[in-house]
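Each chain gets a letter, A, B and so on, in the order the sequences are listed, and its residues count up from 1. When reading the values below, keep in mind they use all heavy atoms of this one structure, side chains included, and skip hydrogens, waters and symmetry mates.
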Amino acid sequence: MKDLITSSIRDYFEARHADAGLFEGENPLSIQLDNPRDRSHGDLACNVAMASSKKLGMPPRALAEELVTWCNEKMEGRATAEVAGPGFINFRLAADEVHAALASILKLGADYGRSDAGGGEKINLEFVSANPTGPAVVVSARAAAFGSTLARLLEFSGHAVTSEYFLNDAGGQVRTLGASLLARWKETQGEPLVIPENGYHGLYLKEMAESLRAEQVEPWLALSDSEAVEAFARHAIHNLVGQVRVQMDAFRTPFDVWFSEKSLHDTGKLEDALAYLEEKQLTYEKDGAVWFKTSDYGDEKDRVVLKSDGVAAYLLADVAYALDKFGRGFDKAIYVLGPDHHSHAARLKAVAEAIGAGKDWLEVILLQWVTLVENGETVAMSKRAGEFVTMEDLVNDVGVDVARTYFLTRRAESHLDFDLGLAREQSSKSPIFYAQYATARIAGVLRKAEEGGLAAAADADLSLLSAPEELALIRELERFPELIAASAKAREPNRLFQFLNEVATLFHRFYHEHQIVSEDAAQSTARLALCRATRQVLGNGLDLMGVSAPERM
RNA sequence: GCGCCCAUAGCUCAGCUGGAUAGAGCGCAUGCCUCCGGAGCAUGAGGUCGCAGGUUCGAAUCCUGCUGGGCGUACCA
């Protein structure tokens, strides 16, 4: 339908104003159709008359009048146009068009909303990637909810997505972790507890140490100090990564690839990366270290890739990892980073350019902090000090549906206050309940209809749906595919949440105004069809969010 | 100092990549179930969109400069 309107408008300009060259040059005119905020302005609104009036030397309203006449003829009653305000052209779809949209929702079912907007673009989406030096914390839960939903949105809108988790299972922090566990082990053996400098104080290591068996540890202790620390570290990492995997799974956040940083070290990829940079003459030596000229690509200063002690700096792993990803043929790599890593954005961009992928190949999304709030008090967290609410605690406390939704209500850039008290309440105050309540309510109505023998009637006469509340609901449902595509393109899953709430609002209003199951079988059947379509859209949307659509609550 | 992010109703936040009278939830006030789920619906009060300029037919949205807050600014990862 949109295509018909757009082509009608374009035809007009080509027939009457071809010499103005509106569609050429550096600022070609694009014909936009928006959903007006105010429904009394029709179904679709267009601003071309205002946008082009200056170039054509015509007053916007006069131009709009001509366009309206032209379009009304072209569209043959499938939609009607009228001029409004300063020169908007408002289009109203014929009822048949609206009903056809409803029929199409019912026909497509679980695939309704799917599109090929992404054109099969191959995207690597990396998210969470938290250091496996302790249990996953709340920021990871936010990243998980955000990333997994974005992955599903991208997939649904026609992209080929690989969800990836990068494990920092190498480097100094891992050794520190091993040393901390070793200290905890010694504690279980009656020795005084001496946690190393900058070590990890969390009780999870105490518990882990207590679950170690003596015969397991003996061979480790027989090794040199350094190798012993390494052995404890390996155990700790293995254990913690296992926990993270289980939690991500329980949080409905599947990953296609768990990428080990250590594997880059073990397979010589770091040396390859360094050789690559050297070959491209992007490195130099200074103060005994090897530097990478990231400032050539917009970073504020150069960075060390090989430390003066000969050990690779983390950035080299970034280069090796980016080379690996690029080599796997992705058209785009999205990095979802935590707020503590935002200084990395510039140098990651530099890496992308240096390896010849181009700076648009690598996209950084920065998630902001989550502050847990309870009774107006901020709940403090620090991984090293061992005070934190883990992701597991959070999920046990409020449930997966509530936790996921809470994170999906906000844009990535906004700091998020997570109110534990509110989330725990399981009431209408909780953000997800409104939409879920709608699905449960619909399920209730459908059960009722089934008891009355109405369920089987598939050939509903949709033209019986003509009340304002009915049409408004259908038109909102019709926006779903477009919303999905836009939400994926903007990397803003929160729009999906907003949309589902809008659908729920319109459904509740419709429900309140109209008796669905009544004496009038034809009318009932039509309204039941609308209920099914609404449930389908809510269900598809909630599914993308990784949230359940309950039959009863 | 420099860099990134944020600033919208009493509170928490949306605002669809420049559109018409800036919205929702919570809280507050008032109505609506003999009827399919009242965990719902409707109405009302509440705004200098941080401040000042600029671009535009048109700005909460884009640009510049301020103010205030968060984070970062390692040969840590």
Margin query: By a 5.5 angstrom centroid cut-off and a 30 degree plane limit, is there stacking between Y437(A) and rG40(B)?
Written below: no
Next item on the list: Answer yes or no for this row: H415(A) ring on rG70(B) base, centroids under 5.5 Å, planes under 30°.
Entry: no
For [X] and [N], give me the distance from atom [atom1] to atom [atom2], rounded to whole Å.
| X | N | atom1 | atom2 | answer |
| --- | --- | --- | --- | --- |
| L56(A) | rC57(B) | CG | P | 14 Å |
| W369(A) | rG70(B) | CH2 | P | 14 Å |
| F497(A) | rC16(B) | CZ | P | 17 Å |
| F433(A) | rG37(B) | CZ | P | 19 Å |
| L33(A) | rC16(B) | CG | C1' | 14 Å |
| N35(A) | rC16(B) | CG | P | 12 Å |
| W291(A) | rC75(B) | CH2 | P | 5 Å |
| K286(A) | rA74(B) | NZ | C1' | 13 Å |

With rounding to whole Å, what would you report as the distance between [N] and [M] at their [atom1] atoms?
| N | M | atom1 | result |
| --- | --- | --- | --- |
| rA39(B) | rC35(B) | P | 14 Å |
| rU12(B) | rG54(B) | C1' | 33 Å |
| rU73(B) | rC11(B) | C1' | 34 Å |
| rG50(B) | rC32(B) | P | 40 Å |
| rA24(B) | rG15(B) | C1' | 10 Å |
| rU55(B) | rU17(B) | P | 25 Å |

Under 3.5 Å on both distances, the Watson-Crick or G-U partner of [N]:
| N | answer |
| --- | --- |
| rC2(B) | rG72(B) |
| rU56(B) | none |
| rC49(B) | none |
| rA20(B) | none |
| rA7(B) | rU67(B) |
| rC35(B) | none |
| rC28(B) | rG44(B) |

For [X], report the nucleic acid contact type (base, sugar-phosphate, nothing); a contact means any heavy atom under 4.0 Å.
| X | result |
| --- | --- |
| E451(A) | nothing |
| R479(A) | base |
| N501(A) | nothing |
| G172(A) | sugar-phosphate |
| A45(A) | base |
| A84(A) | base |
| A443(A) | nothing |
| N90(A) | base |
| Y434(A) | sugar-phosphate |
| E413(A) | sugar-phosphate |
| D417(A) | sugar-phosphate |
| E261(A) | sugar-phosphate |
| A289(A) | base |

Is it the case that the side chains of [Y] and [X] hold a donor-acceptor pair, with the cut-off being a distance below 3.5 Å and no angle test?
| X | Y | value |
| --- | --- | --- |
| N540(A) | Q536(A) | yes |
| S524(A) | S518(A) | yes |
| Y314(A) | Q173(A) | no |
| Y406(A) | D419(A) | no |
| E470(A) | H514(A) | no |
| R404(A) | T149(A) | yes |

Given the structure, check if the side chain of [X] and the base of [N] hold any donor-acceptor pair shorter than 3.5 Å.
| X | N | value |
| --- | --- | --- |
| D34(A) | rG19(B) | no |
| H508(A) | rA39(B) | no |
| H342(A) | rC71(B) | yes |
| H341(A) | rG72(B) | no |

Margin query: Pick the closest RNA chain B nucleotide for S308(A) and for E492(A) by heavy atoms, then say which residue is nearer the 5' end.
Written below: E492(A)
Margin query: On RNA chain B, compare the nucleotides closest to K448(A) and N494(A); which residue's is nearer the 5' end?
Written below: N494(A)
Please tell me which of the listed nucleotides, [options], lies nearest to the side chain of [X]?
| X | options | result |
| --- | --- | --- |
| L366(A) | rC4(B), rG37(B), rC35(B) | rC4(B) |
| H512(A) | rG72(B), rA20(B), rC41(B) | rC41(B) |
| R447(A) | rU12(B), rG37(B), rA14(B) | rG37(B) |
| K301(A) | rA20(B), rA74(B), rA77(B) | rA74(B) |
| Y511(A) | rG37(B), rA77(B), rC16(B) | rG37(B) |
| R411(A) | rG15(B), rC57(B), rA77(B) | rG15(B) |
| F88(A) | rC75(B), rG19(B), rA42(B) | rG19(B) |

Next item on the list: Pull up the glycosidic torsion of rC33(B) and say syn or anti, syn being anything within 90° of 0.
Entry: syn
Item checked: Trace of the salt bridge (Lys or Arg N to Asp or Glu O under 4.0 Å) decision for E126(A) with K325(A) -> CA-CA 11 Å; E126(A) 185 202 328; K325(A) 274 185 187 172; 2.8 Å; yes
Margin query: salt bridge (Lys or Arg N to Asp or Glu O under 4.0 Å), that's the test. Do D43(A) and R475(A) meet it? Break it down for me.
Written below: CA-CA 8 Å; D43(A) 300 313; R475(A) 283 188 293 240; 2.9 Å; yes
Notebook entry, point to check: Would you say a side-chain N or O of S414(A) is under 4.0 Å from OP1 or OP2 of rA14(B)?
Noted result: yes
Margin query: Determine whether a donor-acceptor pair (N or O, by modelled atom type, separation under 3.5 Å) exists between the side chain of N47(A) and the backbone of F88(A).
Written below: no
Note to self: According to ring pair (Phe, Tyr, Trp, His ring centres under 6.0 Å), who are the partners of H238(A), at least two apart in sequence or on a separate chain?
What the structure shows: none
